[in-house]
Amino acid sequence: LGDSFSAFESRLGAGSIVSGDSTVGRAKARLYLDYGSGFSESDRIEAKAEAVPGSSGVRFRFTVPRGTRAIRFDPVEGVGCVCIGVSGTTEHHSRVRLSPLNGTRRGRFDIFETDDPQYVVYSWPRRSTELIVTVDGLALLRPPFAREYRKKALALLCHRIRRPLGTLRP
C-alpha cells in the first residue's frame with residue numbers, strides 16, 4: 001500500500017493530499033437508505049469512525065432496517081477525498097459491493113473530486129441488518145479539488161492545462 005500510495009500521491013502533485021489528518025478519526029460517515037422511493041435526508045443514519053486494530057484504516061458500522069432496497073454511503077462531507085481499499089460486509093460476513101457513484105475507481109483507489117463523495121449499493125441482501133464498511137486509507141483532498149477552488153473556473157482551467165504540460169523550458 002505504501003509504495004502504491006506514494007506513486008499516486010506524486011502523480012497528483014506535492015501538497016495535494018492531506019494524509020493522516022486528525023479529522024479522519026473524528027469523521028462521521030452517512031448512510032442513506034432507499035425503501036423504493038429514492039434516497040432522502042429523512043432516511044439517513046450516521047456513524048463514527050472506529051479504528052481498525054493493527055492498521056491505519058477505519059471502520060463504520062450501520063444498522064440497516066428491513067425493507068431497504070438500496071444504500072448510499074458517504075464517507076465524508078464537505079471535502080474531496082481518496083479512499084483506499086474500501087470494502088463492505090454484512091454481519092454474516094457476506095461481501096457487499098460498494099461502487100463509487102460520483103468518483104473514479106483506479107484499482108484500490110477511489111478518487112472523489114467533489115465535496116460530496118458517494119458510494120452506492122444497488123442490491124442489499126434481504127436478511128442482513130448490519131453493514132460494516134472498512135476503509136484501509138482515507139486522504140482528504142485540498143484545492144484544486146475543494147469546492148472553494150472550483151468556483152474559480154479560470155484557475156481550474158489553468159491547473160488542468162498546466163498539470164499535463166509540467167515545466168516548460170525555453
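A quick note: this is a predicted structure, and the numbers were derived from the prediction, not measured.
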Under 3.5 Å donor-acceptor, [X] side chain and [Y] backbone:
X: D34; Y: G36; answer: yes
X: E91; Y: T129; answer: yes
X: N102; Y: D116; answer: yes

Output the distance between atom [atom1] ([X]) and atom [atom2] ([Y]), rounded to the nearest 0.5 Å.
X: S99; Y: R72; atom1: OG; atom2: CZ; answer: 14.5 Å
X: L101; Y: F73; atom1: CG; atom2: CZ; answer: 13.0 Å
X: E113; Y: T104; atom1: CD; atom2: OG1; answer: 7.0 Å
X: C83; Y: L138; atom1: SG; atom2: CG; answer: 5.0 Å
X: R69; Y: W124; atom1: CZ; atom2: CH2; answer: 15.5 Å
X: L31; Y: T63; atom1: CG; atom2: OG1; answer: 10.0 Å

Sequence neighbours excluded, which residues qualify as side chain to side chain donor-acceptor pair (under 3.5 Å) partners of R59? none
Residue list, side chain to side chain donor-acceptor pair (under 3.5 Å) with S40, at least two apart or on another chain: S42, D43
Of all heavy-atom pairs between [X] and [Y], which one has the smallest distance, and what is that distance?
X: P117; Y: D115; result: CD-C, 3.6 Å
X: Y35; Y: P65; result: OH-CG, 3.3 Å
X: A70; Y: T68; result: O-CG2, 3.5 Å
X: E41; Y: Y32; result: OE2-OH, 3.2 Å

A quick test of your reading: do over 12 heavy atoms of other residues, nucleotides or ligands sit less than 6.0 Å from NE2 of H93? no
Measure the shortest side-chain to side-chain distance between L33 and I71 over non-hydrogen atoms and say whether it is less than 4.5 angstrom. yes
Are any of the side-chain heavy atoms of P75 and V135 separated by less than 4.5 Å? no
Looking at R44 and E46, is any side-chain nitrogen of the basic one under 4.0 Å from a carboxylate oxygen of the acidic one? yes
Going by side chain to side chain contact (heavy atoms under 4.5 Å, CB included), R61 matches just one of L131, T134, I132. Which one? I132
Measure from the ring center of F112 to the ring center of Y119 and say whether it is less than 6.0 Å. yes
Would a single hydrophobic cluster contain both I45 and V58, if residues Ile, Leu, Val, Met, Phe, Trp and Tyr are joined by side-chain heavy-atom contacts under 4.5 Å? yes
